[in-house]
4 protein chains.
Amino acid sequence: MNEHPPMTRIQARNRAVILSGGLDVFSIAGFRGATLDQIADAAGLSKPNLLYYFPSKDAIYAALLEQLLATWLDPLRALDADGDPVTEVLAYARRKLALSRDFPRESRLFATEILAGAPQIHAMLAGPLRDLVNEKALVLQSWMDAGRIRATDPHHLIVSIWALTQHYADFDVQVRAVLGDGDAFAGADHFITDLYRSLLDPAPARRL
Amino acid sequence: MNEHPPMTRIQARNRAVILSGGLDVFSIAGFRGATLDQIADAAGLSKPNLLYYFPSKDAIYAALLEQLLATWLDPLRALDADGDPVTEVLAYARRKLALSRDFPRESRLFATEILAGAPQIHAMLAGPLRDLVNEKALVLQSWMDAGRIRATDPHHLIVSIWALTQHYADFDVQVRAVLGDGDAFAGADHFITDLYRSLLDPAPARRL
Amino acid sequence: MNEHPPMTRIQARNRAVILSGGLDVFSIAGFRGATLDQIADAAGLSKPNLLYYFPSKDAIYAALLEQLLATWLDPLRALDADGDPVTEVLAYARRKLALSRDFPRESRLFATEILAGAPQIHAMLAGPLRDLVNEKALVLQSWMDAGRIRATDPHHLIVSIWALTQHYADFDVQVRAVLGDGDAFAGADHFITDLYRSLLDPAPARRL
Amino acid sequence: MNEHPPMTRIQARNRAVILSGGLDVFSIAGFRGATLDQIADAAGLSKPNLLYYFPSKDAIYAALLEQLLATWLDPLRALDADGDPVTEVLAYARRKLALSRDFPRESRLFATEILAGAPQIHAMLAGPLRDLVNEKALVLQSWMDAGRIRATDPHHLIVSIWALTQHYADFDVQVRAVLGDGDAFAGADHFITDLYRSLLDPAPARRL
DNA sequence: CATGAATGAGTCTTCATTCAT
DNA sequence: CATGAATGAAGACTCATTCAT
């Protein structure tokens, strides 16, 4: 089942530091803007040693994206058709926001890739992502049809959650410049909860 | 008052053509990813000729950002403390969305700059932008205090409008992959209007 | 008819010196063994300037081979079915030998390419070269059938002429070590003439 | 007398395996074109292990050339001044051809070395080889003087035998492209025998 | 105003070789 | 005896920029 020889401790460690260094650099500079020198510095390894573990700059980038995509859709996948509608949507939005808070570099990596036209992950967007979104949009639609949440466009609802939650990671610099250097995520959590509860709650007794 | 010699028609035209080409390229590839060759191609000029009109690659980029920033805050500036609160906020959001629809390259250019850590425009973020946001947040707060819109965090309200509206330009590739190639902005306009009306309208007779 | 813009004098000159420098280096070191630095030195240009005129190392090599192949088959093409058989064959061998004498670098370039497995020119060998050899072998065969030259294998006859004549260019170092530094080609010319006259002349009054 | 410690069976086997792998690679790619990775692959050993048995890439190459030169001159050495002249020369040419047939990699290795200017074996060419050729040329000359073979240049005679016989190994790719994939050596043997009998036989009753 | 020519400073990648175990 | 790990030096190629006309 495992086609590769077992990884030694050194291999595992070095691949990890390289990926972490790569994430640091790629998430700020994008693929083209990043240099192997920067990544090697960030990883604390020499440049040829980098290429001993990964065959090329592309391979590092590809490994990072693969690793990212493996978990990127998890929050949406967890949206449960059998749960309470408002609770489920709010929980999804908060999970997504927590992901941005805990993995801002990954979020920015994703953003740079999308901004560049998604050369590496276009297939995933048009395939698995689209399918998952359509599936969950049906769930949302069924809830709306049953009057359990207010009717609105389910696709745009999902997209709006992405936009809002990722923004706090991706536009971090701007957010901090405007909101100050405190924890923007706590306030964001409140605001986003408030926002989607207002939109979705069919019973307008809104304040908690 | 005009320190530069008067610009000939050719000069004006070529500067414009270069800036447009630069916008094409920078907005997709980012600063480092863009090359003068690509910009020259996009502008239909030779590379040395580019550098006749702008002293360097940086200068083209800086000129684009400057041009962008000159109008970037206009929609927010236009938020009128004397207008009807809900109407004003919704109008602001829709103006911002229209800007994304009509100037997606500019939006992406701004996004790449922010993602890279805003090396060129940090001062503007921490200065004029922050000041304007604080000023308008006070307006929003006064409306909330007067019960004319529902109470929520005015800073996050503004940030959320940025996030939502810019997302449709910046993450265009992803949005199209998920929503299809139709006009996402029309649906976004409806959704965003609905979303903020739900949040803000103090009288819960929400449906139109 | 001419799809390229007309070449300036500088372009023509620089392309020529690059090709000559490339010939110097490739013919001794082979493709892999040659470096752009060596070629740039031989051409008297900077390395980036080399790549201003040719897009890559491969392109220089390919241009040299193309130039070579354009004339490589001329001596054999000139073998005239209507001429005197012995005269024609001897003249062909002597033309080929003269080519080796006058263009030893080209001969060695061809040799290194063949020794490496002919990665670039295999198609030419299996196509035009094979066809031409078959055509001329038929001519030789008809002469043999008519008793105008002695019967032997016409294909091997042609191959042997290649082997003998090219050897004096390709194995120049060895030939000089054994024969001394004098003009080996003069002696070769006599010997080769003698050799093929002996083989082919149907009338055994052999001495001249 | 034996300065080296006795070689274990593993040592002997691995040195042999490395030399064979090196021969595979060097004979196709030349010295510069060959990489230790390729040789290690061909030998089925790891790269550092290669360098446990040979101190450097150069050393492998040098060992191959040394091994080659040890037997390279044997066919010519065996030319017997006391034998029948025509028989001796034909036998020499056929031995040399057989060597090319049976050891084509060695022949190509020699060719790449000569084409590169014989940096490693120039001394051998100008010394032992030259001496041996001169010695055998005297034998040939004496036969000519005695009228036992026809008079021609004995040095060129020897060189021509090298050229013809080695060509079938070194230019294998070209020969196969022109003659087809059959056994070119059988035909070559006939042709070469015919060629030199025609040249040398003093009694013109030539056909067998 | 425009462009062909040229280059120094990178940037990715290869590779022979060394080190440590 | 064997190999995983590491690297300095070099090599092909890119690119912003300068020069000359």
Side-chain angles (χ1 to χ4, degrees), chain A residues 5-11 13-15 31-40 45-60, chain B residues 8-11 13-14 31-40 44-61, chain C residues 5-11 13-15 31-40 45-60, chain D residues 8-11 13-14 31-40 44-61:
Chain A
M7 227 186 264
T8 70
R9 226 163 302 124
I10 292 182
Q11 279 176 340
R13 189 191 150 278
N14 279 347
R15 283 183 63 95
F31 179 74
R32 274 291 311 272
T35 74
L36 285 184
D37 271 315
Q38 293 171 326
I39 298 173
L45 296 174
S46 73
K47 193 164 40 161
N49 204 16
L50 233 65
L51 297 166
Y52 175 74
Y53 290 98
F54 289 89
S56 67
K57 182 183 174 184
D58 289 74
I60 301 175
Chain B
T8 69
R9 229 162 301 127
I10 290 184
Q11 279 176 337
R13 189 191 152 280
N14 279 347
F31 179 74
R32 272 291 310 274
T35 73
L36 284 184
D37 272 313
Q38 293 171 325
I39 299 173
L45 295 175
S46 73
K47 198 164 39 160
N49 207 12
L50 230 65
L51 296 167
Y52 173 79
Y53 290 99
F54 290 88
S56 69
K57 181 184 177 183
D58 292 74
I60 301 174
Y61 188 74
Chain C
M7 226 186 267
T8 70
R9 225 163 303 123
I10 291 182
Q11 278 176 341
R13 189 191 151 278
N14 280 347
R15 284 184 62 96
F31 179 74
R32 274 290 310 273
T35 73
L36 285 184
D37 272 314
Q38 294 170 326
I39 298 173
L45 297 174
S46 73
K47 191 164 42 160
N49 205 17
L50 233 64
L51 296 165
Y52 176 74
Y53 289 98
F54 290 89
S56 67
K57 183 183 173 183
D58 290 74
I60 301 175
Chain D
T8 70
R9 229 163 301 127
I10 290 184
Q11 279 175 337
R13 190 190 151 279
N14 278 348
F31 179 75
R32 272 292 309 274
T35 74
L36 284 184
D37 272 313
Q38 293 171 327
I39 298 173
L45 295 175
S46 72
K47 198 167 36 161
N49 206 14
L50 231 67
L51 295 167
Y52 173 78
Y53 290 99
F54 290 89
S56 69
K57 182 184 176 183
D58 292 73
I60 301 175
Y61 188 73

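To find a chain, count down the sequence lines: A is the first, B the second, and so on, and within it residues start at 1. All of these numbers come straight from a predicted model, not from anything done at the bench. Basis for what follows: all heavy atoms, side chains included, without hydrogens, waters or symmetry-related copies.
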Worksheet item: Are D:Q11 and F:dC1 close enough that a side-chain N or O sits under 4.0 Å from OP1 or OP2?
Response: yes

When rounded to whole Å, the CG to C1' distance for the pair A:D37 and F:dG8 reads 14 Å

Residues D:K57 and D:A34: closest non-hydrogen pair is NZ-O, 2.7 Å

The nucleotide from F:dC1, E:dG4, F:dC13 with an atom nearest the side chain of C:Y52 is E:dG4

Closest heavy-atom pair, C:S46 versus C:A40, reported as atoms and distance to 0.1 Å, is C-CB, 4.1 Å

Separation of E:dA2 atom C1' from B:N14 atom CG, nearest Å, is 10 Å

*May I ask you to evaluate whether C:T35 reaches the phosphate of F:dA10, defined as a side-chain N or O under 4.0 Å from OP1 or OP2?*
no

As its Watson-Crick or G-U partner within any shown strand, both distances under 3.5 Å, F:dT3 has E:dA20

Check: Is there a side-chain contact between D:Y53 and D:I10, using heavy atoms and a 4.5 Å cut-off?
Finding: yes

Assign each of B:S56 and D:P48 the nucleotide of DNA chain F bearing its closest heavy atom; nearer the 5' end lies the nucleotide of D:P48

Whole-Å distance, A:L36 CG to E:dT13 P, equals 6 Å

### Task
May I ask you to test the B:T35-B:K47 pair for a side-chain heavy-atom distance under 4.5 Å?
no

Walking DNA chain F from its 5' end, the first of A:L45 and C:K57 to be reached, judged by nearest nucleotide, is A:L45

Heavy atoms under 4.0 Å, any strand shown: does B:A34 hit a base, just sugar-phosphate, or nothing? sugar-phosphate

B:F54 CZ to E:dC1 C1', in whole Å, measures 15 Å

To the nearest angstrom, the CD-P distance between B:Q38 and F:dA16 comes to 8 Å

- Does a nitrogen or oxygen in the side chain of C:N49 sit under 4.0 Å from OP1 or OP2 of E:dT7? yes

Between CD1 of A:I10 and P of F:dA5 the distance, given in whole Å, is 6 Å

Between the CG atom in C:L45 and the CD1 atom in C:I39, the distance rounded to the nearest 0.5 Å is 11.5 Å

The answer to which of D:G33 and B:Y53 contacts DNA chain E further toward the 5' end, by nearest nucleotide, is B:Y53

From CZ of A:R9 across to P of F:dA5 the rounded distance in Å is 12 Å

Rounded to whole Å, CD1 of C:I39 lies from P of F:dG11 at a distance of 12 Å

The residue, D:R32 or A:D58, whose nearest nucleotide of DNA chain E is more 5′ is A:D58

Picking from F:dT7, E:dG4, E:dT7, the nucleotide nearest the side-chain atoms of A:S46 would be F:dT7

